[in-house]
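Input: a single structure, listed below in structure tokens.
Numbers here simply count residues along the sequence, with the first being 1.
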Amino acid sequence: MPNRLIRMSGRNPGETHRSATPLELLFDLAFVVAFGQAADQLAHAIAEDHLAVGLGGFAFAMFAICWAWINFSWFASAFDTDDWFYRITTFVQMIGVVVLALGIPAAFRSLLEGDHLDNGVIVAGYVVMRIAMVAQWLRVARQDPAHRRTALTYVTYILIAQVGWVVLALLPVSVGTFVMFAFVLYAIELGGPVVAERKVGGTPWHPHHIAERYGLLAIIALGEAVFGTVASVAALVEDQGWSLEAALVVFAGVGITFGLWWTYFIMPSGVVLARHRSRGFVWGYGHILIYAAIAATGAGLHVVAFVIEGHTDIGTVGAIVAIAVPVLVFSVVNFALYTYLVRQWDSLHALLFAGTVLMLVLAVALAAAGASLGVCLVIVTLSPAVVVVGFETVGHRHQAASLERALEEPTAP
């Protein structure tokens with residue numbers, strides 16, 4: 001019951017019918033604005049021909065956003081009590097996410113100036129989040145002796161990394177120096193869970209629950225693509241009125257979003273993770289690239305709006321590349337994670353992946369040849385559609401056979 005404190009001990013990782021809670025869904029809403037801020041800043045950087053700065057700032061922002069979500073979600077999968085203390089700490093973390101999101105524009109602006117990276121507000125958001133996160137891990141250490149060492153290991157790595165980020169934010173270092181030290185801190189951030197889960201004892205996270213949580217965040221990220229579609233169509237209608245071109249942009253924007261969604265959920269994450277928990281790290285960390293690619297696709301659709309409005313000189317080719325590249329990254333990472341999970345090479349899936357790449361190359365080539373934005377966007381839409389049609393007609397039988405073999409493999413120690 002949420003009106004009393006519940007002893008925090010590890011939940012049953014084999015619990016049946018475990019699903020995302022309303023609190024987790026509410027927590028995810030805080031990331032809508034964070035994804036939107038990162039995508040919006042990337043779109044403006046591309047439109048203003050500051051590609052290197054835009055990609056650098058976007059990579060930094062997306063890691064910060066995704067890592068905040070990952071920290072909360074894996075803890076919740078293992079130790080969610082849903083009592084009042086747990087709810088209050090979640091509320092505090094939501095405040096931290098909003099503060100983080102508010103700091104993203106300042107980080108991009110400082111990169112444009114070129115002398116340093118202003119990540120002070122982002123770090124402040126993390127301080128807020130980690131006060132709550134450390135309190136939760138200390139609660140585990142106190143109330144769950146079986147996971148005490150694991151909890152204290154998490155606390156140690158979190159505090160070391162956070163002190164490092166605070167010091168780095170306070171020092172007036174150049175961008176190059178910042179990047180050098182940031183990679184050290186990234187290693188600490190990513191390495192902490194590896195040590196805690198594999199060498200100390202681990203946490204009882206729920207495979208089907210965590211797979212559902214990752215899928216829900218993918219849907220949250222896809223909302224940015226829908227928003228980008230609306231922005232593009234609104235700009236086109238204002239400039240030219242409703243036309244066939246506007247209809248094509250609507251179809252393409254929603255089609256790309258729907259195609260990425262369908263392609264993502266082909267991945268049999270929960271089933272494989274339930275059998276092979278050791279594959280969770282690569283799968284979980286790899287999703288940072290998945291979410292970044294989805295958000296960047298939304299940014300690309302915003303760039304289309306800028307092109308239509310005449311606010312950029314990158315033209316149709318630049319706009320199509322801004323969409324095709326993140327769709328390509330999504331496709332590559334999604335295919336790689338699928339292959340990693342089942343640990344088998346499927347020639348049919350490789351052929352479908354090749355068809356996806358071919359469609360994206362064709363879209364860019366048509367743009368270069370003078371085709372309209374609407375037509376080129378429709379071709380981009382066909383790239384995930386190749387995988388969808390192939391899977392639904394033939395590929396599902398290949399997946400069933402691959403899953404059967406994967407589930408028969410011995411589990412890693």
For residues [X] and [Y], report the shortest heavy-atom separation together with the two atoms involved.
X	Y	value
Ala38	Ala61	CB-CB, 4.3 Å
Ala296	Leu42	CB-CD2, 4.0 Å
Ser232	Val249	CB-CG1, 4.0 Å
Glu224	Gly36	OE1-CA, 3.3 Å
Ile95	Val128	CG2-CG1, 4.3 Å

Between [X] and [Y], does the ring centroid distance fall short of 6.0 Å?
X	Y	result
His147	Phe79	yes
His287	Tyr264	yes
Trp69	Phe75	no
Tyr338	Phe353	no

Do [X] and [Y] have side chains that approach each other closer than 4.5 Å (heavy atoms only, starting at C-beta)?
X	Y	value
Arg139	Arg7	no
Thr356	Leu352	no
Phe58	Phe108	yes
Ile220	Val32	yes
Leu190	Tyr157	no
Ile323	Leu301	yes
Tyr154	Leu159	no
Ser269	Leu341	yes

Ion pair [X]/[Y], N-O distance below 4.0 Å:
X	Y	value
Arg11	Glu15	yes
Glu409	Arg279	yes
Arg109	Asp118	no
Arg343	Glu408	no
Glu24	Arg213	yes

Tell me, with the steps shown, if Glu189 and Arg130 meet salt bridge (charged side-chain N to carboxylate O under 4.0 Å, His left out). CA-CA 12 Å; Glu189 296 276 12; Arg130 282 179 160 169; 2.5 Å; yes
Scan side-chain atoms only and decide if His209 and Ser77 contain a donor-acceptor pair under the 3.5 Å cut-off.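 Side chains of His209 and Ser77: pair found under 3.5 Å.
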Please determine, by modelled atom types, if Trp74 and Thr203 share a side-chain donor-acceptor pair under 3.5 angstrom.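 The criterion, which ignores hydrogens and geometry beyond distance, is not satisfied for Thr203 and Trp74.
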Parallel under 30°, tilted from 30 to 60°, perpendicular over 60°: which one fits the rings of [X] and [Y]?
X	Y	answer
Phe183	Tyr186	perpendicular
Trp262	Phe258	perpendicular
Trp165	Phe60	perpendicular

Start with the C-alpha distance between Leu222 and Phe35, add both sets of side-chain angles, then the distance that settles side-chain contact (heavy atoms from CB on, under 4.5 Å), and finish with yes or no. CA-CA 10 Å; Leu222 284 167; Phe35 283 132; over 6 Å; no
Any donor and acceptor pair, going by atom type alone, linking the side chain of [X] with main-chain N or O of [Y] inside 3.5 Å?
X	Y	result
Thr312	Val307	no
Asp83	Tyr86	yes
Thr153	Ala196	no

For a side-chain hydrogen bond (donor to acceptor under 3.5 Å, both in side chains) with Gln136, tell me which candidate from Thr90, Thr89, Asn71 qualifies.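 Per the side-chain hydrogen bond (donor to acceptor under 3.5 Å, both in side chains) rule, the option paired with Gln136 is Thr89, out of Thr90, Thr89, Asn71.
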Audit row: Val121, Val99, side-chain contact (heavy atoms from CB on, under 4.5 Å) steps and yes/no: CA-CA 7 Å; Val121 178; Val99 173; 3.9 Å; yes
Please report the C-alpha distance between Gln399 and Ile266 in whole Å, then the side-chain angles of each, then the deciding distance to 0.1 Å, and finally whether the side-chain contact (heavy atoms from CB on, under 4.5 Å) criterion is met. CA-CA 9 Å; Gln399 184 187 79; Ile266 287 173; 3.6 Å; yes
Derivation of the side-chain contact (heavy atoms from CB on, under 4.5 Å) call for Val166 and Val163: CA-CA 5 Å; Val166 170; Val163 169; 5.8 Å; no
What residue among Tyr291, Tyr126, Tyr285 forms ring pair (Phe, Tyr, Trp, His ring centres under 6.0 Å) with Trp67?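 Of Tyr291, Tyr126, Tyr285, ring pair (Phe, Tyr, Trp, His ring centres under 6.0 Å) with Trp67 is met by Tyr285 alone.
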